Amino acid sequence: MKYYIIAGEASGDLHASNLMKELKKVDSHAQFRFWGGDKMQAQGGELVVHYRHTNFMGFFEVVANIFTIIGLLKTCQRDLLIYAPDVLILIDYPGFNLRMAHFASKHRIRVFYYISPQIWAWKQSRVYQIKKWVTRMFVILPFEKDFYARFGVDVEFAGHPMHDALADLARVDQNTIREQMYLDERPVIALLPGSRKQEVKKMLGLMISITTEYPQYQFVVAGTSALPEILYDKIIGKMPVKLIFGQTYSLLQIAEAALVTSGTATLETALFKVPQVVCYKANLISYQIARRLVKVNYISLVNLIMNKPVVKELLQNDFNRPALIVELNKIVYDKKIRHAMLDHYQELEKMLGGPGTSARVAAMMHETLLKSGK
């Protein structure tokens with residue numbers, strides 16, 4: 001069968017690539033055309049547009065790039081019709097993907113949505129669009145099934161695909177990782193400033209500003225290959241930090257603690273059992289709009305899933321140097337706080353199910369396509 005897949009950011013690229021791998025196992029004739037990244041490209045098929053060209057965040061940034069986004073939508077719509085897939089598979093990325101769901105449904109192309117938009121946080125009215133345009137929805141957070149049920153929408157929860165990403169990870173001795181990263185014997189604090197240019201610009205400078213307070217630790221920045229190295233170099237300057245690319249999981253294997261920009265990385269950090277402080281600072285206009293619209297008590301996935309403050313969230317004005325030092329001190333030096341957080345991580349892991357999510361979702365997708373006919 002022919003699959004057209006759209007992922008608009010790094011996490012979507014990761015989970016879509018694992019889905020593609022499993023689809024190839026259940027469908028030996030699978031053909032892929034997609035918008036995504038390097039991991040999806042490694043699975044085969046044809047990459048149309050890399051997510052580095054589609055990754056806009058926040059109200060202000062979207063408005064500033066509106067004509068670019070409209071152009072990308074038109075390109076995607078034309079390409080979808082030319083390719084004429086058996087199904088369009090959308091991976092999160094709601095601003096773009098819901099428009100594509102509407103377009104595809106109008107042209108009688110089946111739509112599978114894998115990794116639900118966070119409509120339970122804001123724009124809950126989108127549930128009616130999903131009900132109308134999406135053939136089948138596959139969610140990855142346990143509470144999402146109940147949320148959709150309140151609106152009469154039946155969705156599938158097969159677990160969280162992050163387990164698959166970690167299960168496939170080649171475990172390497174910590175000393176080997178340190179040697180590969182040219183690190184010394186000091187304990188490591190990981191800095192995860194996000195995967196978008198706007199995030200790195202807003203987050204990284206403040207994160208590295210506290211490094212001089214911890215000479216007994218070494219700080220390592222997890223860079224993404226989707227962004228230019230010069231972006232990081234300009235921010236880091238001569239500060240005593242190490243910059244690595246494409247080795248975030250290896251970094252988390254050796255980290256004592258982490259400062260993490262809110263997003264999928266908070267969940268990844270928790271599954272690696274690394275105590276963390278969650279940080280976030282958006283454009284002022286975007287933040288003010290979001291604060292009025294968002295209907296959840298927490299911003300990090302860890303706290304949202306657990307429905308309690310497992311990890312500290314430093315948001316907007318609370319994300320400042322003194323607060324960052326106070327909270328990092330807690331998870332580095334206070335054994336009681338560290339152990340409590342690690343205990344919560346164990347509970348979180350059980351809630352998300354075990355490995356095999358990607359395989360289960362691929363099987364359900366393929367079965368649905370076979371039953372409905374090509």
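Because the structure is predicted, anything quoted here is derived from the model rather than measured.
- Looking at V260 and C279, their side chains never come closer than 4.5 Å, going by heavy atoms from C-beta outward.
- Between R186 and D184 there is a salt bridge, with a side-chain nitrogen of the basic residue lying less than 4.0 Å from a carboxylate oxygen of the acidic one.
- Pairing each heavy atom of Y232 with each of P193, the nearest pair is CE2-CG, 4.4 Å.
- Side chain of S105 to main chain of A101: a donor-acceptor pair is present (N/O by atom type, distance under 3.5 Å, no hydrogens or angles).
- Ring pair Y214/Y217 is perpendicular by interplanar angle, where above 60° counts as perpendicular and below 30° as parallel.
- Side-chain contact between I5 and F32 is present, with heavy atoms from C-beta onward closer than 4.5 Å.
- K25 has a carboxylate O that lies under 4.0 Å from a charged side-chain N of E22, or vice versa, which qualifies the two as a salt bridge.
- F143 and L271 fall within a single hydrophobic cluster, where Ile, Leu, Val, Met, Phe, Trp and Tyr are joined by side-chain heavy atoms under 4.5 Å apart, directly or via other members.
- Residues V188 and I254 share a closest heavy-atom pair of CB-O, 3.9 Å.
- Between R338 and E256, some side-chain heavy-atom pair lies under the 4.5 Å cut-off.
- The environment of K273 atom NZ is dense: over 12 non-hydrogen atoms of other residues, nucleotides or ligands sit within 6.0 angstrom.
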Derivation of the side chain to side chain contact (heavy atoms under 4.5 Å, CB included) call for Q253 and Q174: CA-CA 7 Å; Q253 286 184 62; Q174 290 200 9; 5.5 Å; no
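- Both M137 and Y128 belong to a single network of hydrophobic side chains, linked directly or stepwise wherever heavy atoms of I, L, V, M, F, W or Y lie under 4.5 Å apart.
- The main-chain N or O of I119 is never found under 3.5 Å from a side-chain atom of R126 such that the two would form a donor-acceptor pair.
- Salt-bridge formation is detected for the pair D154/K145: a Lys NZ or Arg NE/NH1/NH2 atom is positioned less than 4.0 Å from an Asp or Glu carboxylate oxygen.
- Residues L88 and M100 share a closest heavy-atom pair of CD2-O, 3.8 Å.
- Annotation for K242: atom NZ counts as buried by contact number, over 12 foreign heavy atoms lying within 6.0 Å.
- Looking at every heavy atom in both residues, Y298 comes nearest to N307 through CE1-C, 3.8 Å.
- Under the 4.5 Å side-chain heavy-atom criterion for Ile, Leu, Val, Met, Phe, Trp and Tyr, W133 and V111 are members of distinct hydrophobic clusters.
- Separation of atoms CD (E213) and CD1 (I210) is listed at 8.0 Å; rounding is to 0.5 Å.
- Side-chain atoms of D13 come within 3.5 Å of backbone N or O of K39 as a donor-acceptor pair.
- The CG atom of L251 sits 8.5 Å away from the CG atom of L191 when rounded to the nearest 0.5 Å.
- The pair R52-E9 does not meet the salt-bridge criterion, since no charged nitrogen lies less than 4.0 angstrom from a carboxylate oxygen.
- In this structure a side-chain-to-backbone donor-acceptor pair under 3.5 Å is missing from T135 to F112.
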Given the rule in the side chain to side chain contact (heavy atoms under 4.5 Å, CB included) test, do D318 and E313 qualify, once you have shown the distances and angles that lead to the verdict? CA-CA 9 Å; D318 290 336; E313 299 178 351; over 6 Å; no
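- Between the side chain of H163 and the backbone N or O of G353, at least one donor-acceptor pair lies under 3.5 Å.
- Within a 6.0 Å radius of CZ in R33, more than 12 heavy atoms belonging to other residues, nucleotides or ligands are found.
- Contact between T224 and G194 at its shortest, heavy atoms only, is CG2-O, 4.4 Å.
- In this structure, the side chain of Q276 does not engage the main chain of V311 through any donor-acceptor pair within 3.5 Å.
- Although no hydrogens or angles enter the test, the distance criterion places a donor-acceptor pair under 3.5 Å between the side chain of K24 and the main chain of Q43.
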Mind running ring pair (Phe, Tyr, Trp, His ring centres under 6.0 Å) on W35 and F96 for me, showing each step along the way? CA-CA 11 Å; W35 293 46; F96 191 95; 5.6 Å; yes
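- Going from atom SG of C76 over to atom OH of Y83 covers 13.0 Å, rounded to the nearest 0.5 Å.
- At a threshold of 4.5 Å between non-hydrogen side-chain atoms, the residues L166 and Y249 count as touching.
- Aromatic ring centroids of F34 and Y4 lie 6.0 Å or more apart.
- A heavy-atom distance below 4.5 Å is found between the side chains of P85 and L80.
- Residues F147 and R150 are in side-chain contact: their nearest non-hydrogen atoms beyond the backbone lie under 4.5 Å apart.
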Give the intermediate values and the outcome of ring pair (Phe, Tyr, Trp, His ring centres under 6.0 Å) for residues F138 and Y113. CA-CA 6 Å; F138 303 86; Y113 214 126; over 10 Å; no
Kindly determine whether W120 and L304 satisfy side chain to side chain contact (heavy atoms under 4.5 Å, CB included), including the steps that lead there. CA-CA 11 Å; W120 32 264; L304 281 167; 3.7 Å; yes
Test log, rule side-chain hydrogen bond (donor to acceptor under 3.5 Å, both in side chains), inputs D164 and S358: CA-CA 7 Å; D164 296 341; S358 302; 2.7 Å; yes
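- Judged by distance alone, the side chains of D92 and H15 never bring a donor and an acceptor atom under 3.5 Å apart.
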Side chain to side chain contact (heavy atoms under 4.5 Å, CB included) between L243 and V220, intermediate numbers included: CA-CA 6 Å; L243 173 64; V220 183; over 6 Å; no
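- Annotation: Y333, atom OH; neighbour count of heavy atoms from other residues, nucleotides and ligands within 6.0 Å is above 12.
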For salt bridge (charged side-chain N to carboxylate O under 4.0 Å, His left out), just list the numbers for E347 and K308, CA-CA rounded to whole Å, side-chain angles, deciding distance to a tenth of an Å, and then say yes or no. CA-CA 12 Å; E347 184 182 351; K308 56 186 176 183; 3.8 Å; yes
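- Hydrophobic clustering places M341 together with M351 (ILVMFWY residues linked when any side-chain heavy atoms are closer than 4.5 Å, directly or through intermediates).
- In this structure, D173 places its CG atom where more than 12 heavy-atom neighbours from other residues, nucleotides or ligands lie under 6.0 Å away.
- Side-chain contact between V87 and I109 is absent, with no heavy-atom pair separated by less than 4.5 Å.
- Minimum heavy-atom separation, S195 to L227: O-CD1, 3.7 Å.
- Ring centroids of Y345 and F272 are separated by 6.0 Å or more, keeping the two rings apart.
- Contact of the V127 side chain with the V153 side chain is registered, since non-hydrogen atoms from C-beta on lie closer than 4.5 Å.
- A continuous path of Ile, Leu, Val, Met, Phe, Trp and Tyr side chains, each step under 4.5 Å between heavy atoms, connects L314 with I325, placing both in one hydrophobic cluster.
- Looking only at distances, no side-chain donor or acceptor of Y280 sits under 3.5 Å from a matching main-chain atom of F319.
- Summarising the geometry, atom CE belonging to M40 is positioned 7.5 Å from atom OG belonging to S17; distances are rounded to the nearest 0.5 Å.
- Rounded to the nearest 0.5 angstrom, Q218 CD and M181 CE are separated by 10.5 Å.
- Distance alone, capped at 3.5 Å, is enough to place a donor-acceptor pair between the E144 side chain and the I140 backbone.
- Distance CG/D343 to CG/L348: 12.5 Å, rounded to 0.5 Å.
- Under a 3.5 Å cut-off, the side chain of Y93 and the backbone N or O of P117 do not form any donor-acceptor pair.
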